[in-house]
Amino acid sequence: MERRRASLAYDIDGIVYKVNRIDWQERLGQVSRRAPRWAIAHKFAAERAETVLRKITVQVGRTGALTPVANLEPVAVGGVVVRRATLHNEDEIERKDIREGDTVVIQRAGDVIPQVVEVVKEKRPKGTRKYKPRKTCPECGSSAVREEGGVVRRCTGGLVCPAQATERLKHFVSRDAFDIEGLGGRHVAAFWTEGIIKTPGDIFRLAAREEAGEIALAASEGWGGKSVENLFRAIAERSTIPLDRFIYALGIRQVGQATAKLLARQYGTFETWIEAMKTATEERAGNSEEKKKPELVGAGFAELCNINQIGFSVADEIAAFFAEPHNVAVLGDLADELTITEVARPAASPISGKTVVLTGTLDSMTRGEAKARAEALGAKVAGSVSKKTDYVVVGADAGSKAKKAAELGVTMLSEQEWLELIREDGEGGKSSRLLDASNE
Ligand SMILES: [Zn+2]
């Protein structure tokens, strides 16, 4: 394909290979909604070009992370003119000794942001200086600090930092979050600048404020009576939202869609979730970095950590979010404007708490898969049959274990019966597989 690439009538940047059998695809499942285990992407080698780095500037993201950016002498790479490239972080600049004025090699792979690969040292002009990382946020002037052990420098400005506030608002209205029709990232950014929307809660007060004459959107440029009416209707529609979407929309670091779903399923209602997060945060407060055992921190924090796939680092991030008083205030103000609907906890599976022994060969799955599946549904998988065994799953060519089960009168299941038993809770089984290993 790479050889044929130049003669194709369209642009490609790689190939995707897929398992060409639906039943195998179903067995393999997916890491997350957009990452099936039955497909793999092969990207062609990135295209490279040489150019001059004019200046290093710093960009501030939604989470306050400062990212150094290379401003380049425009150069064509793979048919696209590149003016900027990411430098990732200050350690990377230090490691590659990238300086303003340097000639650099940049590369672009697919639609990924271009990056600086290396410096062409022979072409370095006289008088260049080593890059000095800035210690303040270019957007708001707040001090920017590096977390211990991390490579990222972050602005401490929180909601006073325009970059963070607008980026958070953009995330808040994005497709997988509140997804308000007619209110895109550009709109909220403009509203923020005009002082109309400062926090997410403000979005849901727009209609009332318009009515009270505090704002005049219908009369403002780019909007008309009709479009404002539509906007208010779209906002009203979204003022009822499921808990998982709500959590995702908050933009807590490391809490992506899958994690938000896990949290919503664990705690069910908004009230339960909030209380649990406050407890976990109080327990976490004042605990040192070294205290890496959740149970030493507290029972509430341990529960949070022990949710399948969440773990210490994500739980810590959530606690850090709730430890910021302004975050709690903004969240409370927002919740007052909304109806946050409950997310059903997964029903207990029929094999939850049961002891299962697998024996013989199964047709539809390997022993390892069967074990993982049973454990995901809350069963304990044992190696030998005893009086405590609840089920023995008997595959082809089963030996002594089946015999022993018969002697002890333990319930024996054929592969078909086993599949039916775990399929009864198809939803739980599917979701645990879906969420398995997904971690943003
Ligand atoms: Zn800032």
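Atoms within each ligand, like the ligands themselves, are counted from 1 in listed order.
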### Within 45° cone of F178 ring axis and under 6.0 Å: R238 NZ or CZ
no

## Note on the structure
d(N230 CG, I235 CD1) to nearest 0.5 Å is 11.0 Å

### Query
Cut-off 3.5 Å, side chains only: do S364 and R27 have a donor facing an acceptor?
no

### Message
Taking the ring of F172 and the ring of W192, is the distance between their centroids below 6.0 Å?
### Response
no

### Task
With sequence neighbours left out, write down each residue that passes salt bridge (charged side-chain N to carboxylate O under 4.0 Å, His left out) with R245, or none if nothing qualifies.
none

#### Entry: Side chains of E303 and Q266, donor plus acceptor under 3.5 Å
yes

## Note on the structure
Atoms listed for the Zn ion (ligand 1) (protein only, N, O or S, under 2.8 Å, no waters) are C137 SG, C140 SG, C155 SG, C161 SG

